[in-house]
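Here's the structure we're looking at; comments come further down.
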Amino acid sequence: MEFLSTLESSGFSTWLRESNSIWGYPIVLTLHTVGLALLVGANTVLDLRLLGFAARLPLEELSRAFRIMWIGFWINAVSGAVLFAADATTRGTSRLFIGKLFLVMFGVGVILAIRKQVFGETLDRPRVGATAKALAVTSLAVWVAAITAGRLMAYVYAS
């Protein structure tokens with residue numbers, strides 16, 4: 001707990017939380033939203049294609065979506081760590097926040113499982129079976145739950 005207090009009271013965290021500058025909290029939150037859009041947006045396109053939507057879209061082309069997902073993930077990891085630092089004592093002890101992190105980790109695990117199940121090692125001969133479809137449904141549900149948990153944090157902790 002002392003570590004969380006030290007992190008939250010650092011000069012950077014204080015500036016981020018209390019500054020009126022657009023380069024503070026608003027830009028970091030915007031980056032977090034952009035990262036989320038890249039990660040979950042690309043993932044959703046792939047999931048829906050695996051479930052039979054846009055069947056004329058070549059699945060081989062969607063192997064490129066993994067790069068977009070990883071870019072979004074890393075934008076979110078960095079911006080999320082910065083947002084966490086600004087409110088570390090509240091977030092670090094919150095079951096809702098811990099649950100959100102678990103859901104994100106689970107969602108990333110499902111992305112990895114989809115890549116392995118559908119594209120295998122080569123990424124050029126995709127296979128869509130019942131397992132891939134089940135993973136796609138799971139992925140959609142997990143990301144909806146993670147986003148919901150993230151949005152609820154804004155209201156559960158609002159002053």
Between CG on residue Asn43 and CD1 on residue Ile111, distance to nearest 0.5 Å: 4.0 Å
For Lys100 against Ala149, the heavy-atom pair lying closest together: CB-CB, 3.9 Å
Leu16 with Trp23, same ILVMFWY side-chain cluster at under 4.5 Å: yes
Do the side chains of Val118 and Met69 join up, straight or via other hydrophobic residues, at under 4.5 Å, putting them in one cluster? yes
Shortest non-hydrogen contact from Ser21 to Ser19? N-OG, 2.9 Å
Output for pair (Ile147 CD1, Leu152 CG), nearest 0.5 Å, gives 12.0 Å
Ignoring hydrogens, what is the shortest heavy-atom contact between Ala42 and Ile68? Give both atom names and the distance. CB-CG2, 3.8 Å
Between OG1 on residue Thr148 and CG on residue Leu96, distance to nearest 0.5 Å: 10.0 Å
Of the non-hydrogen atoms in Ser79 and His32, which two are nearest, and what is the gap between them? OG-ND1, 2.8 Å
With under 30° as parallel and over 60° as perpendicular, where do the rings of Trp15 and Phe12 fit, or are they tilted in between? tilted
Residues Leu36 and Asn76: closest non-hydrogen pair is N-OD1, 3.1 Å
Would Leu46 end up clustered with Phe106 when hydrophobic side chains under 4.5 Å apart are linked, directly or stepwise? yes
Heavy-atom closest contact (Leu50 atom, Ala132 atom, distance): CD1-O, 4.3 Å
Ser63 side chain to Leu59 backbone, donor-acceptor under 3.5 Å: no
Just by modelled atom types, is the Gln117 backbone N or O under 3.5 Å from a matching donor or acceptor in the Arg127 side chain? yes
Would a hydrophobic clustering, with Ile, Leu, Val, Met, Phe, Trp and Tyr connected at side-chain separations under 4.5 Å, put Leu38 with Trp143? no
Crowded around Arg67 CZ? As in, over 12 foreign heavy atoms under 6.0 Å? no
Can you tell me if Ser13 and Ser10 form a side-chain donor-acceptor pair at under 3.5 Å? yes
State the CE-OG1 distance between Met153 and Thr90, to the nearest 0.5 angstrom. 10.5 Å
Do Leu62 and Trp70 belong to the same hydrophobic cluster, where Ile, Leu, Val, Met, Phe, Trp and Tyr are linked whenever their side-chain heavy atoms lie under 4.5 Å apart, directly or via other members? yes
Aromatic rings Phe84 and Phe97: how do their planes relate, parallel, tilted or perpendicular, breaks at 30° and 60°? parallel
Using links of under 4.5 Å between side-chain heavy atoms of ILVMFWY residues, direct or through other members, which residues join Phe53 in one cluster? Leu48, Leu51, Val137, Leu140
Taken to the nearest 0.5 Å, the spacing of Glu18 CD from Tyr25 OH works out to 13.0 Å
Between Leu31 and Val82, does the side-chain contact (heavy atoms from CB on, under 4.5 Å) criterion hold? Intermediate values first, please. CA-CA 11 Å; Leu31 285 171; Val82 171; over 6 Å; no
Check whether Glu8 reaches the backbone of Ala88 with its side chain - one donor and one acceptor, N or O, closer than 3.5 Å. yes
Could you check Asp47 against Thr44 for side chain to side chain donor-acceptor pair (under 3.5 Å), going step by step and ending with a plain yes or no? CA-CA 5 Å; Asp47 290 341; Thr44 299; 5.3 Å; no
Main chain of Leu135, side chain of Ser139: is a donor-acceptor contact present, judged purely on distance under 3.5 Å? no
Could you measure the distance from the CD atom of Glu61 to the CG atom of Leu57? Nearest 0.5 Å is fine. 8.0 Å
